[in-house]
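Just so you know, these numbers come straight off a predicted model, no measurement behind them. Values below: every heavy atom of this structure, side chains too, minus hydrogens, waters and symmetry copies. Proteins come first, then strands; the chains are lettered A, B, ... in the order of their sequence lines, and each starts at number 1.
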Amino acid sequence: MENTYNPAEIESKWQQSWTEQNLYKTDTTSTKPKFYALSMFPYPSGNLHMGHVRNYVITDVIARQKRMQGHRVLHPMGWDAFGLPAENAAIERGIHPATWTYQNIAHMRGQLQKLGLSIDWDREVATCSPEYYRWTQWIFLKFYEGGLAYQKDGMVNWDPIDLTVLANEQVDGEGRSWRSGAIVEKKALKQWYFKITDYAEQLLTDLEQLSGWPEKVRTMQANWIGKSIGANLEFPIVGTDEKIAVFTTRPDTVYGVSYVVLAPEHPLTAQVTTPDQKAAVDAFVSEIKAQSEIDRTAEDKPKRGVFTGAMATNPFTGAQVPIWIADYVLYEYGTGAVMGVPAHDIRDFKFAKQYDLPITQVIAAPSQNADAPLAAAYTEAGTIMNSSQFDGLDSVTAKKSIIDYAEQQGYGNGKIQYKLRDWLISRQRYWGVPIPIVHCPNCGAVPVPEADLPVKLPEDVEFTGKGGNPLAQLDSWVNVPCPTCGTPAKRETDTMDTFVDSSWYFLRYPDAGNDKQIFDSNITNDWMPVDQYVGGIEHAVLHLLYARFFTKIVRDFGAGDKGQTKFLTFDEPFKQLLTQGMVQSTTYKNPQTGKYIAPNSITDPKNPQDPVTGDVLEVSFEKMSKSKYNGIDPEQVISKYGADTARMFILFKAPPEKDLEWDEADVEGQFRFLNRLWRLAIGYQPKTANSGELSKSEKDLRRFVHHAIQAITEDLDGEYQFNTAISELMKLSNAITDADCKESPVYADAIETLMILAAPFAPHMVEELWQLTGHSGSVHEHPWCQFDPAALEADEITLVIQIMGKTRGTIQVPATKDAATLEAYARESSITKKFAEGKEIKKVIVVPGKLVNFIIG
RNA sequence: GGGGGUGUGGUGGAAUGGUAGACGCGACAGACUUAAAAUCUGUUAUCUGUAACGGAUGUGCGAGUUCGAGUCUCGCCACCCCCA
């Protein structure tokens with residue numbers, strides 16, 4: 001019998017064996033309760049990194065434990081396989097994007113398999129395969145049919161490096177592309193959009209259903225949707241019949257309007273501008289086009305604008321106010337026009353100060369010196385003033401009264417506004433899902449008939465990196481007859497944002513092989529919603545919002561002939577969400593030059609110095625990345641210590657939602673623990689039961705075993721505290737080592753329990769031990785342990801004695817829940833006698849099983 | 001500026017309002033060894049003390065509630081994230 005722990009050998013052996021046994025094939029026949037465990041699928045960039053490992057190991061432990069607990073588990077994996085890096089590889093290295101992508105998938109699948117994940121590979125999907133994107137196109141057609149996909153001319157975010165359009169969600173706080181990092185430009189283009197704004201209210205209110213999501217993610221989504229309640233008010237333009245509609249969240253301040261602002265792009269801008277202001281306005285408009293949205297709207301940047309020469313009437317006061325254009329007003333938001341109330345809005349206040357516009361206060365601050373002019377905008381609630389019949393109302397009530405009045409008088413109406421804007425899905429790139437539309441000179445935009453799907457990507461394409469979208473240059477693909485009238489027509493050459501692909505993949509896994517329809521709704525409704533979704537916090541807004549949006553739309557498709565009114569029977573796709581923290585590692589940075597230094601060029605890690613300049617380096621933990629030279633390759637860790645050690649380390653080192661600091665010494669610690677576990681289990685012989693009363697040490701060990709079962713089961717139940725679960729495994733292992741009843745069946749039972757409890761965490765090693773210790777079948781099919789509350793009862797307890805709430809010592813007493821008995825033991829103890837000697841005991845607090853507290857005077 | 005979060009030993013982190021620091025890492029000491037590695041044993045919050053049992057302080061800071069607060073409440077401070 002082999003008796004040293006050799007991870008490399010046993011891991012590959014069991015990975016192969018499990019595959020041959022089909023051990024992780026999804027159970028589709030039993031009546032067990034279902035559990036859908038899902039990891040966010042990876043982009044096949046070429047190599048697995050530690051973030052992936054953490055993500056998939058967490059999901060795997062959950063899946064394994066749920067299986068042992070008697071669930072039928074769906075635990076699939078796939079590839080978010082469209083996207084720019086494949087196309088860039090094609091341009092740089094002359095490899096076709098498909099070849100590059102499928103090579104990467106094959107390589108990364110192999111890396112994943114080395115982790116010992118209990119994945120059902122029969123359900124693998126790749127979003128770039130025609131079998132998959134056929135249904136992405138089908139969804140698009142349904143969207144189009146339902147008016148949820150539409151084309152619009154718009155000012156779009158243009159990435160000058162990737163030569164494509166980006167969604168708002170893909171532009172970061174500095175106005176840079178999330179992928180290329182280039183400063184995004186504004187460009188007018190006809191683009192395809194999804195009407196996510198139709199679902200804004202549902203996406204907001206249904207957040208309340210998501211009690212299994214981190215509060216943080218729900219808040220971020222709510223902020224992104226950005227609901228505000230206000231009014232559209234109309235300001236007639238003096239000397240014309242036109243009116244300027246403004247959206248405001250503060251109708252209560254309408255009597256304080258001192259000017260009206262149009263967005264520079266607003267169609268009325270050109271119309272109202274007077275001849276003598278035209279030159280200034282035109283110059284300003286062209287200047288604004290170059291600016292990012294962030295620069296235009298940030299509150300701490302100076303606000304700039306130009307007077308158009310025209311005037312508008314405030315319908316409430318009859319006063320005439322100037323019409324301006326300004327950088328901080330965006331055409332896409334609201335009505336593209338705002339009213340300027342300098343006294344009660346920070347930006348308006350700055351603007352008015354800068355251009356010397358009047359500041360009229362209409363809300364009194366509670367503790368304000370009545371005569372002093374405002375030093376800054378007062379944006380809080382208060383009492384209305386200078387507002388005719390509304391004077392004296394509090395501003396919150398006045399908001400509603402003024403909206404009512406505006407509606408009566410025909411000045412405007414109440415309006416709910418969302419910050420969320422429609423999702424721009426057009427991308428001018430090759431490696432994505434072709435939008436299934438043909439543009440016909442007679443019929444306009446014509447959807448490709450469902451029977452003709454998929455519209456396949458052509459393969460004979462040249463990638464030069466020049467001239468934009470390669471698809472648009474491929475005449476043989478572009479030129480097709482119109483599906484309706486047969487006239488020569490042209491295919492849409494835009495492809496879809498890859499976030500479209502990942503917005504519905506979780507609906508496909510339950511019926512991944514279906515080539516007749518997107519999925520059988522009975523099967524998907526059976527498995528969905530996902531019981532536990534695990535992934536990175538970086539998707540808090542983008543992917544998770546889009547996936548929720550898609551789920552609601554697909555739900556509303558209806559199933560017609562099946563007599564169902566809804567295609568999906570649930571509102572939200574992900575019941576529980578776990579956002580795992582980053583994996584960080586040591587970085588060395590030269591504070592003088594700001595450069596990161598590779599660890600292998602540092603001679604003394606305890607006193608790190610720049611090998612070139614000799615400067616003392618800053619040491620910190622940062623997210624692993626190539627540019628910081630701090631990446632740890634999962635494959636190297638696995639080949640050195642084995643996947644089980646890597647799994648244990650990553651789960652033990654930090655709670656799952658927190659950042660994890662990679663530390664080789666801690667990895668070795670886990671390797672040592674697995675070795676101890678190995679030696680412990682390998683030496684035991686199952687004994688036949690000996691009847692009779694258990695000895696004290698047997699009882700103690702049994703209590704320890706059942707405590708561990710309880711603690712680990714609770715740690716894995718919903719809250720997922722893997723770190724404390726593993727510490728319980730260690731404690732149990734320590735207790736077994738120290739036990740002095742090694743011949744007892746209790747001892748054998750303890751070791752067997754330890755193996756079962758450790759199985760989800762270190763699946764290979766435990767499987768090997770299970771077999772070596774004479775068990776048949778896989779430990780992973782063994783039922784999870786049940787704890788016996790009776791076994792937790794101790795004969796003796798440790799009673800804490802407190803005097804005036806301060807712990808003074810402990811005594812061992814026979815276990816009882818009776819408060820009077822416990823108090824009596826405590827009164828008798830030498831501790832109490834010492835501290836309460838000669839004093840009156842005024843009050844006694846007894847917590848059964850825990851403590852006795854004496855209040856003395 | 002708004003919203004959310006975090007703050008505990010040398011270190012990662014544990015603690016249903018009930019013995020703060022579980023478990024691990026590191027460090028120190030010892031056993032084994034010619035030696036090292038591996039393994040095993042012990043010590044390890046701070047200050048202080050005795051012959052010995054010990055005592056005081058301690059969860060960012062300051063208040064409060066409570067017999068009792070790392071945990072609950074209020075006010076600060078620092079850092080992080082998201083949105084402006």
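- Nucleotide B:G9 is shown with a syn base, its glycosidic torsion being within 90° of 0.
- Atom CD1 of A:I801 and atom P of B:G18 are 19 Å apart (whole Å).
- Residue A:K216 has no polar side-chain atom (N or O) positioned under 4.0 Å from OP1 or OP2 of B:C80.
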Can you tabulate the close N/O pairs, meaning under 3.5 Å, that link protein atoms to atoms of nucleotides 63-67 of chain B?
residue: B:C67; atom: O2; partner: A:N853; partner atom: ND2; Å: 2.3

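- Atom CZ in A:R218 sits about 12 Å away from atom C1' in B:G4, given to the nearest Å.
- Residues A:W423 and A:F499 place their aromatic rings such that the two centres sit no closer than 6.0 Å.
- Contact annotation: A:Q584 side-chain N/O to B:C80 OP1/OP2 distance is not under 4.0 Å.
- Residue A:K653 places no side-chain N or O under 4.0 Å from the OP1 or OP2 atom of B:C25.
- With no hydrogens or angles considered, a side-chain donor-acceptor pair links A:Y641 and A:E664 at under 3.5 Å.
- For A:F671 and A:F649, the ring centers are positioned 6.0 Å apart or more.
- Candidate nucleotides B:G13, B:U19, B:G12 were compared by shortest atom distance to the side chain of A:P655, and B:G13 ranks first.
- Panel note: side chain A:N55, backbone A:V534; a donor-acceptor pair is recorded below 3.5 Å.
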**Message:** Working note: A:K227 + A:I416, criterion side-chain contact (heavy atoms from CB on, under 4.5 Å); need CA distance, chi angles, decisive distance, verdict.
**Reply:** CA-CA 7 Å; A:K227 182 178 182 175; A:I416 291 166; 3.7 Å; yes
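- Here the nucleotide nearest the side chain of A:R679, chosen from B:G24, B:G55, B:C40, is B:C40.
- Taking the side chain of A:R808 as heavy atoms from C-beta on, and the options B:C23, B:G55, B:G13, the nearest nucleotide is B:G55.
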